[in-house]
Amino acid sequence: MNQEELTSLKNWFAGYCASFSTPVREDQRNIDIKQDHTREVCLNSARIARGLRMSGEGSLLAEAIGLFHDVGRFPQYQRYKTFDDGISVNHATLGAKVLLEQSALQGLPKQEQDLIVRCVTLHNVFSLPEELDAETLLFAKLVRDADKLDILRVVIEYFGQDAGERAEAVALGLPDSPEYSTEVLACLARGEMARKSDLTTLNDFKLLQLAWLYDLNFASSLRMVLERRYIDKLEGLLPGTDEIKKAVELVRAHVDGKLREN
């Protein structure tokens, strides 16, 4: 992939997003947040690629995967008014379908087209299949890291906004109550990712973001977590109970330990 091809893909994406514009303020706010998210995931992808010392072509390809990873969110929201895959449709599968039906990757080498579609399909699975080839595994891990890093930003900014300014689809319709799930907290204590199906409150949603840090793959991703103070910011949004403080410290120790290994 070269810069001209990536620019062409970005132009296609901008036009595709524009086709979902709406005068309904809340709906447009949710569309805008996914467009902004895509831009930031592209930037994260490019930075992770640089950290891995990828070739210029590889870095551009990583950015293209970031560009399209959430392309299915736009028709998903238009049809269902939610970003919750569990009550609508798998947005990654839908995104791959969009790319194929719209011939969005036309003109790229077949190998690159196939790689982008595979990585879009895989970017939201709970864990990656073991049988992936080395190239798909590398780029799938990269876009998954880039995506998680920006979702952390989106969530933190969401809770810093006045209620009337929030893009409500971000929080998946969960209630804002002081409780949190013992199962989600137990996942953090075990050093595991939590599942969305275990979420019952917005506090669980915040804990889920912390648990995602166990699934980051690259040193550059972990460095961004620390630089942007995501752990501190998420902790500040959670109840100050001893069990939550302990879980946060385990996450912090994990990130520090992984960075010392690299």
Side-chain angles (χ1 to χ4, degrees), residues 1 4-46 60-108 112-113 115-125 143-144 146-174 196 205 209:
M1 178 171 294
E4 183 179 350
E5 289 169 331
L6 180 60
T7 299
S8 178
L9 294 176
K10 287 184 175 182
N11 289 338
W12 181 92
F13 181 77
Y16 185 72
C17 291
S19 72
F20 292 91
S21 294
T22 170
V24 180
R25 186 181 180 193
E26 177 60 20
D27 290 343
Q28 188 61 47
R29 188 181 290 152
N30 285 303
I31 293 297
D32 288 345
I33 204 166
K34 284 302 175 184
Q35 206 165 350
D36 293 343
H37 168 63
T38 296
R39 182 184 63 251
E40 295 299 321
V41 171
C42 286
L43 293 172
N44 288 343
S45 297
L60 293 172
L61 187 53
E63 195 172 344
I65 294 168
L67 178 70
F68 289 126
H69 83 286
D70 259 1
V71 70
R73 286 299 194 189
F74 301 95
Q76 177 192 43
Y77 186 79
Q78 184 184 62
R79 296 173 196 172
Y80 302 100
K81 304 302 182 192
T82 184
F83 293 136
D84 187 343
D85 289 12
I87 60 173
S88 58
V89 65
N90 184 325
H91 75 279
T93 303
L94 181 57
K97 183 180 179 183
V98 166
L99 294 177
L100 294 171
E101 290 184 348
Q102 299 278 333
S103 299
L105 307 177
Q106 186 177 351
L108 293 181
E112 291 185 357
Q113 292 187 40
L115 178 65
I116 292 170
V117 171
R118 284 198 302 273
C119 289
V120 167
T121 303
L122 291 167
H123 88 270
N124 70 332
V125 297
V143 73
R144 284 162 66 86
D147 186 30
K148 287 184 174 70
L149 285 167
D150 194 60
I151 293 174
L152 289 167
R153 175 194 65 82
V154 170
V155 169
I156 290 165
E157 289 185 0
Y158 172 89
F159 288 107
Q161 294 171 329
D162 293 334
E165 297 301 315
R166 291 175 175 175
E168 289 301 333
V170 168
L172 306 179
L174 292 166
K196 285 186 179 179
F205 185 58
Q209 314 309 311

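What you see below is based on every heavy atom in this structure, not just the backbone, and it leaves out hydrogens, waters and symmetry mates. Quick caveat: nothing in here was measured; it's all calculated off a predicted structure. Count residues from 1 along the sequence.
- Closest of all the heavy-atom pairs between Ala92 and Thr121 is CB-O, 3.6 Å.
- At least one donor-acceptor pair closer than 3.5 Å links the side chain of Gln113 to the backbone N or O of Leu108.
- For His91 and His69, the ring centers sit 6.0 Å or farther from each other.
- Qualifying side chain to side chain contact (heavy atoms under 4.5 Å, CB included) partners for Val89, counting only residues two or more places apart in sequence or in other chains: Gln76, Tyr80, Leu94.
- Using a cut-off of 4.0 Å between Lys/Arg side-chain N and Asp/Glu carboxylate O, Asp36 and Arg153 are scored as not salt-bridged.
- Looking at residues two or more places apart in sequence or on another chain, you find no salt bridge (charged side-chain N to carboxylate O under 4.0 Å, His left out) involving Arg118.
- A cation-pi arrangement is found for Lys34 relative to Phe83, the charged atom lying closer than 6.0 Å to the ring centre and inside a 45° cone about the ring normal.
- Note on ring orientation: taking the six-membered ring where Trp is involved, the planes of Phe74 and Phe20 are tilted (angle from 30° to 60°).
- Taking the charged nitrogens against the carboxylate oxygens, Arg144 and Asp147 have no contact shorter than 4.0 Å, which rules out a salt bridge.
- Residues Val98 and Pro75 come closest through the heavy atom pair CG2-CG, 4.1 Å.
- Put simply, the side chain of Glu112 gets close to the backbone of Met1: a donor and an acceptor are under 3.5 Å apart.
- A pairwise comparison of heavy atoms in Gly66 and Cys42 identifies C-SG, 3.9 Å as the closest pair.
- Listed by chain and residue number, Val24, Asp27, Gln28 satisfy the side chain to side chain contact (heavy atoms under 4.5 Å, CB included) test with Thr22 (two or more places apart in sequence, or in another chain).
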